[in-house]
Amino acid sequence: MATMESLIGLVNRIQRACTVLGDHGGEGLSLWEALPTVAVVGGQSSGKSSVLESVVGRDFLPRGSGIVTRRPLVLQLHKTDRGQTEYAEFLHAPKRKLTDFAAVRKEIADETDRITGKSKQISNIPIHLSVYSPNVVNLTLIDLPGLTKVAVEGQPDTIVEDIENMVRSYVEKPNCIILAISPANQDIATSDAIKLAREVDPSGDRTFGVVTKLDLMDKGTNALDVLEGRSYRLQHPWVGIVNRSQADINRNVDMIAARRKEREYFETSPEYGHLASKMGSEYLAKLLSQHLELVIRQRIPSIIALINKTIDELNAELDRIGRPIAVDSGAQLYTILELCRAFDRVFKEHLDGGRPGGDRIYGVFDHQLPAALKKLPFDRHLSLRNVQKVVSEADGYQPHLIAPEQGYRRLIDGSINYFKGPAEASVDAVHMVLKELVRKSIVATEELKRFPSLQADIANAANESLERFREESRRTVMRLVDMESSYLTVEFFRKLHLEPEKTPNSNPNAPNAADRYSDNNFRRIGANVSAYIGMVCDTLKNTIPKAVVHCQVREAKRALLNNFYVQVGRREKEQLGAMLDEDPALMEKRTAIAKRLELYKSARDEIDAVAWK
Ligand SMILES: Nc1nc2c(ncn2[C@@H]2O[C@H](COP(=O)(O)OP(=O)(O)OP(=O)(O)O)[C@@H](O)[C@H]2O)c(=O)[nH]1
């Protein structure tokens, strides 16, 4: 008996857990569907409510003429320790413990009306009621509206069919144990309950036949043919019941007295005396419990399988959104560094290939830089007029005697200065590409998805580093350009003097004094400077990319987060925790899943414990 109660108590616990989880059955194979329930089925006034009440041992169901039960009532009975006060609790009004069962009766009626209105309409939305009492057996029972053959005044014509369909929707489920109520003063062959039970459970495996109103049979007749299984055979024995008559109810005969009276009836009955130990509401309750135990034992493997499947699904979901983060600072630091490394990996893939973006750096050198160099305004700077102007200014009050050394220097310096623009532009262009790759890499790092704070931290640290690399790179390329001004390639100018004059109408020897100030000569100076600048340009076209890659790209690959690592290493526990802050919605989701997981795991543990007893 003890194991049986713990078993059924367990079922009640799981069912309550399902209800809390919003699992009311319905789609697919839910936990609720896998567990057995008991539904009370019968024609109107057949004694359904009376049977239910005597199984429960309390008066609490609404009574009256016509259809009283108009919504399914899901009734969970919980056995409590001896001496505890009895109380009832509705799912729609949790935390309100009702000790007055007249109030329970009223609330059922009111709650029915809330959905159906005061009409005689029916609704298939169930009312959930739990009863806690030392005087009950752990059971879940469902009271259903009485089957009827004709609609009464004020009811739609479809009512007969509607009720039948609703009742069928409960009893056709394979886990439903049917308590089929038939009054003894009617021919069993015309019993609505038996008709429906036969339809949904032809083998009679899960149907319990209950005969009420044995005391109301005509003198000289009895229900032995039915009770002994000769009229209609079921897998389970028929149980005869004597409930309180209307007169008893009117006289307020209580449940205990009614049970005693029922027991006496069978013990003293000439017809049913030999069956006395197998008759009555108490026996029916015991029979039901025993059967439930059997059914649940059979279901345990499939229930555990269902729970395991759900646990697997929840675990997979947790893996997908990420496990909870460690709480000690060592583990947090480790996690942060791991995440940084994951980011770094992705970033390097972008640079080295495998992921797109790195090729844009080559684009800067191959395309942008040469194009910018080509656009430099040397034509204007080395125009006849400007050469003349610069050379004259350089000469000052004393015109040059042999070659305009100062003029050459000034023209070359002025030209070289123009290279600073494209050199700086290359530095900036590569900087922008690297910055964009950092942004892309953060988005592309799966592991970082849950940590928006850390994403921002890494982005800031990386961008700070890139800024430093840019500064270094800028200094380096400027130095390259400056170096070109610092020392000119002597050889180039030596060669110049050896070359014969190419201009027509001029002396093949060195220019004479008059020639030196001719347009031709200035043109020649311009051409010489231009050729020299062309040479410098070719050099810088090669050295600027080397400097940029050396200072920016190589450093980004080598040491993008080095400073960050140093900073993180110094941080306190709280700061580390804050860096691992997650999206609140995600955290909530994880908590919810973890809670469900706990519930399912404890359900499994409990079932395991019972299963191995
Ligand atoms: N004498 C006697 N009266 C009974 C017995 N069972 C039920 N009654 C009476 O029959 C009437 C109907 O009983 P209920 O238990 O309300 O029947 P029900 O099937 O729940 O009725 P609805 O919910 O209206 O469909 C009541 O007046 C009961 O007192 C019985 O075994 N003996």
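Order of appearance sets the numbers: ligands from 1, and atoms from 1 within every ligand.
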Look only at interatomic distance and state if [X] has a nitrogen or oxygen under 3.5 Å from any nitrogen or oxygen of ligand 1.
X	result
Gln246	yes
Ser49	yes
Gly47	yes

Please state which option from [options] has its nearest heavy atom closest to [atom].
atom	options	answer
atom 22 (P) of ligand 1	Pro145, Ser45, Gly146	Ser45
atom 7 (C) of ligand 1	Glu262, Lys213, Met217	Lys213
atom 9 (C) of ligand 1	Lys48, Glu53, Arg70, Arg244	Arg244
atom 30 (C) of ligand 1	Ile181, Asn243, Thr212, Val51	Asn243

List every atom of ligand 1 that sits less than 4.0 Å from any heavy atom of [X], numbering the atoms from 1 in the order shown and giving each element.
X	result
Val242	31 (O)
Ser50	7 (C), 13 (O), 14 (P), 15 (O)
Ile249	29 (O)
Gly43	19 (O)
Asp215	1 (N), 2 (C), 30 (C), 31 (O), 32 (N)
Gln44	25 (O)

Heavy atoms, side chains only, cut-off 4.5 Å: are Glu267 and Arg263 in contact?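 They are in side-chain contact.
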Could you verify whether a donor N or O on one side chain and an acceptor N or O on the other, from Asn243 and Thr212, lie under 3.5 Å apart?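 No, no side-chain donor-acceptor pair sits under 3.5 Å.
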Can we call the ring centroids of His92 and His128 under 6.0 Å apart?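 So the answer is no for these two rings.
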Without swapping roles, check the side chain of Arg71 against the backbone of Pro126 for a donor-acceptor pair under 3.5 Å.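 The answer is yes, because a donor-acceptor pair under 3.5 Å joins these two groups.
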State whether the side chain of Asn315 and the backbone N or O of Asp312 hold a donor-acceptor pair below 3.5 Å, judged by distance alone.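 No.
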Identify the two heavy atoms, one from Pro183 and one from Lys213, that lie closest to each other, and give their separation to 0.1 Å.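 For Pro183 versus Lys213, the nearest heavy atoms are CB-CD, 4.1 Å.
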Member of Val38, Asn175, Val200 meeting the side chain to side chain contact (heavy atoms under 4.5 Å, CB included) criterion with Arg206: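 One option only clears the test, and that one is Val200.
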Applying salt bridge (Lys or Arg N to Asp or Glu O under 4.0 Å) as the test, list every pair that has at least one member in residues 222-232; sequence neighbours left out.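 Non-adjacent pairs meeting salt bridge (Lys or Arg N to Asp or Glu O under 4.0 Å): Asp225-Arg230, Glu228-Arg230.
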Reference residue Glu582; test salt bridge (charged side-chain N to carboxylate O under 4.0 Å, His left out); the match among Lys449, Lys589, Arg590: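 Of the listed residues Lys449, Lys589, Arg590, the salt bridge (charged side-chain N to carboxylate O under 4.0 Å, His left out) partner of Glu582 is Arg590.
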